[in-house]
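Note that the structure is a prediction, hence the values are computed from the model and not measured.
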Amino acid sequence: VCSFLFATPSFISSILSYGKIESEGVQLQKQSKDINAMIEEVVRKHEFLAKVKKIQILTELEPLFPISVDPELMKQIFSNLIENAIKYSPEETKVLITSEERNNRVIVQISDQGQGIPEDELPHIFMKFFRSKNAKSSPIKGSGLGLYLAKYFTELHRGSIIVDSSYGKGTTFTVELPSNE
């Protein structure tokens, strides 16, 4: 039996997005949207996964003016980051999602209390098909495309994504987007 038949929707979405990038690139379909509303929608879609692991998702979202983004790509960025935070965190921990505007930039942070990423692997995590040693040896499945796509889609919006991780303590991903494009 082909294991692809049992692939998750996010895995299939990642493969389809990657195929589109490789074949013709991605064209942004920008609309004026509320980033916080998109974050809240993505959080709702991941509540069940969090509940199964008894993970509490906390949001501290500052009121923001709508900005011009491709809503489907932004939701995929947030979905990849929030799903990873839940998947790689131990049971009964918290995931914190914040948003704010600073220096004409919208800043969204997703922080978890997971095991973190080893320092020697941090420079590689946004490379396509890269999976950490710990991720490969865990029962958690992944394509190695989620973070690659998150970075690619963020950069299409003239934004940036960075990671800060303390091994054994957790990881924070920061997405910065221009607020006045």
Asker: Do Q113 and S89 have side-chain atoms, one donor and one acceptor, less than 3.5 Å apart?
Answerer: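 S89 and Q113 do not have a side-chain donor-acceptor pair below 3.5 Å.
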Asker: I'd like to know whether E60 forms a side chain to side chain contact (heavy atoms under 4.5 Å, CB included) with L96, so could you lay out the CA-CA distance, the side-chain angles of the two residues, the decisive distance to 0.1 Å, and finally the verdict.
Answerer: CA-CA 8 Å; E60 294 176 7; L96 174 63; 3.9 Å; yes
Asker: With side chains defined as the heavy atoms from C-beta onward, is the minimum distance between D112 and T93 less than 4.5 Å?
Answerer: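 D112 vs T93: side chains apart.
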Asker: Test L149 against Q76 for side chain to side chain contact (heavy atoms under 4.5 Å, CB included), laying out the working first.
Answerer: CA-CA 8 Å; L149 292 172; Q76 191 165 350; 3.9 Å; yes
Asker: Find out if a path of hydrophobic residues (ILVMFWY) with successive side-chain heavy-atom gaps under 4.5 Å connects V95 to L49.
Answerer: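 Per the 4.5 Å side-chain linkage, V95 and L49 are co-clustered.
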Asker: Using 4.0 Å as the upper bound for N to carboxylate O, is an ion pair formed by E47 and K51?
Answerer: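 Here K51 does not pair with E47 in a salt bridge, since their nearest N and O are not under 4.0 Å apart.
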Asker: Test side chain to side chain contact (heavy atoms under 4.5 Å, CB included) on D70 and F153 and set out the steps.
Answerer: CA-CA 9 Å; D70 182 313; F153 295 155; over 6 Å; no
Asker: Looking at S166, S165, S111, which hits side chain to side chain donor-acceptor pair (under 3.5 Å) with T172?
Answerer: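 Among the candidates, only S111 passes.
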Asker: Between K75 and E72 (salt bridge meaning N to carboxylate O under 4.0 Å), is one present in this structure?
Answerer: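 Salt bridge: yes.
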Asker: Looking at R105 and E176, is any side-chain nitrogen of the basic one under 4.0 Å from a carboxylate oxygen of the acidic one?
Answerer: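 Looking at R105 together with E176, the answer is yes, because their closest N to O distance falls below 4.0 Å.
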Asker: Starting at CG of N84, measure out to CD1 of I82 and round the result to the nearest 0.5 Å.
Answerer: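 Answer rounded to 0.5 Å: 10.5 Å.
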Asker: Counting neighbours of CD on E119 that are heavy atoms of other residues, nucleotides or ligands and sit closer than 6.0 Å, is the number greater than 12?
Answerer: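 Result for CD/E119: open.
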Asker: Is it true that S99 and E62 share a donor-acceptor pair across their side chains at a distance under 3.5 Å?
Answerer: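 No, no side-chain donor-acceptor contact under 3.5 Å.
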Asker: Looking at P178 and R158, what are the two nearest heavy atoms and their distance?
Answerer: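 Smallest interatomic distance, heavy atoms only, reads CD-O, 3.5 Å.
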Asker: Quick one, S79 and H46 - any side-chain contact, counting heavy atoms below 4.5 Å?
Answerer: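 Yes, side chains in contact.
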Asker: Do any N or O atoms from the side chain of D34 and from the backbone of P66 form a donor-acceptor pair under 3.5 angstrom?
Answerer: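 Looks like no, no N/O pair under 3.5 Å.
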Asker: Can you confirm whether Y148 sits close enough to I125 that some side-chain heavy atom of one is under 4.5 Å from a side-chain heavy atom of the other?
Answerer: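 When only atoms from C-beta onward are counted, I125 and Y148 do not touch, as no gap falls below 4.5 Å.
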Asker: Picking from V43, I97, L73, I35, what satisfies side chain to side chain contact (heavy atoms under 4.5 Å, CB included) with F78?
Answerer: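 The residue from V43, I97, L73, I35 that satisfies side chain to side chain contact (heavy atoms under 4.5 Å, CB included) with F78 turns out to be I35.
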Asker: For residues A50 and I57, report the shortest heavy-atom separation together with the two atoms involved.
Answerer: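 Smallest heavy-atom distance, with atoms named: CB-CD1, 3.8 Å.
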Asker: Checking S179 against E101 for the side-chain hydrogen bond (donor to acceptor under 3.5 Å, both in side chains) test, could you report, in this order, the C-alpha distance in whole Å, the side-chain angles of both residues, the deciding distance, and whether it holds?
Answerer: CA-CA 8 Å; S179 61; E101 187 170 355; 3.0 Å; yes
Asker: Would a 4.5 Å heavy-atom cut-off, applied to side chains only, mark I117 and Y167 as touching?
Answerer: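 Side chain of I117 against side chain of Y167, heavy atoms only: no contact under 4.5 Å found.
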Asker: Below 4.5 Å, heavy atoms only, C-beta onward: do T174 and D164 meet side chain to side chain?
Answerer: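 Of all side-chain heavy-atom pairs linking D164 with T174, none is under 4.5 Å.
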Asker: Has K53 got a side-chain atom pairing as donor or acceptor with I86's backbone, closer than 3.5 angstrom?
Answerer: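 Pair found, side chain donor or acceptor close to backbone of I86.
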Asker: Counting C-beta onward and ignoring hydrogens, is there a side-chain heavy-atom pair between V69 and M38 closer than 4.5 Å?
Answerer: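 Yes. Closest side-chain heavy atoms under 4.5 Å.
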Asker: Between I107 and F173, is there a shared hydrophobic cluster once you connect ILVMFWY residues whose side-chain heavy atoms come closer than 4.5 Å?
Answerer: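 In one cluster with I107: F173, no.
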Asker: Side chain to side chain contact (heavy atoms under 4.5 Å, CB included) for V108 and T98? Distances and angles first, verdict last.
Answerer: CA-CA 6 Å; V108 176; T98 64; over 6 Å; no
Asker: Assess whether a salt bridge exists between K45 and E41, defined as any Lys/Arg side-chain N lying under 4.0 Å from an Asp/Glu carboxylate O.
Answerer: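 Looking at K45 and E41, the cut-off is met.
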Asker: For K94 and L58, work out which heavy atoms get closest and say how close.
Answerer: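 Nearest heavy atoms, K94 then L58: CD-CD1, 3.7 Å.
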Asker: Measure the CG-OG1 distance between N80 and T154 for me, rounded to the nearest 0.5 Å.
Answerer: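 Those atoms lie 9.5 Å apart.
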Asker: Any side-chain heavy atom of L81 within less than 4.5 Å of one from V42?
Answerer: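 In short, these two side chains do not touch, never coming nearer than 4.5 Å.
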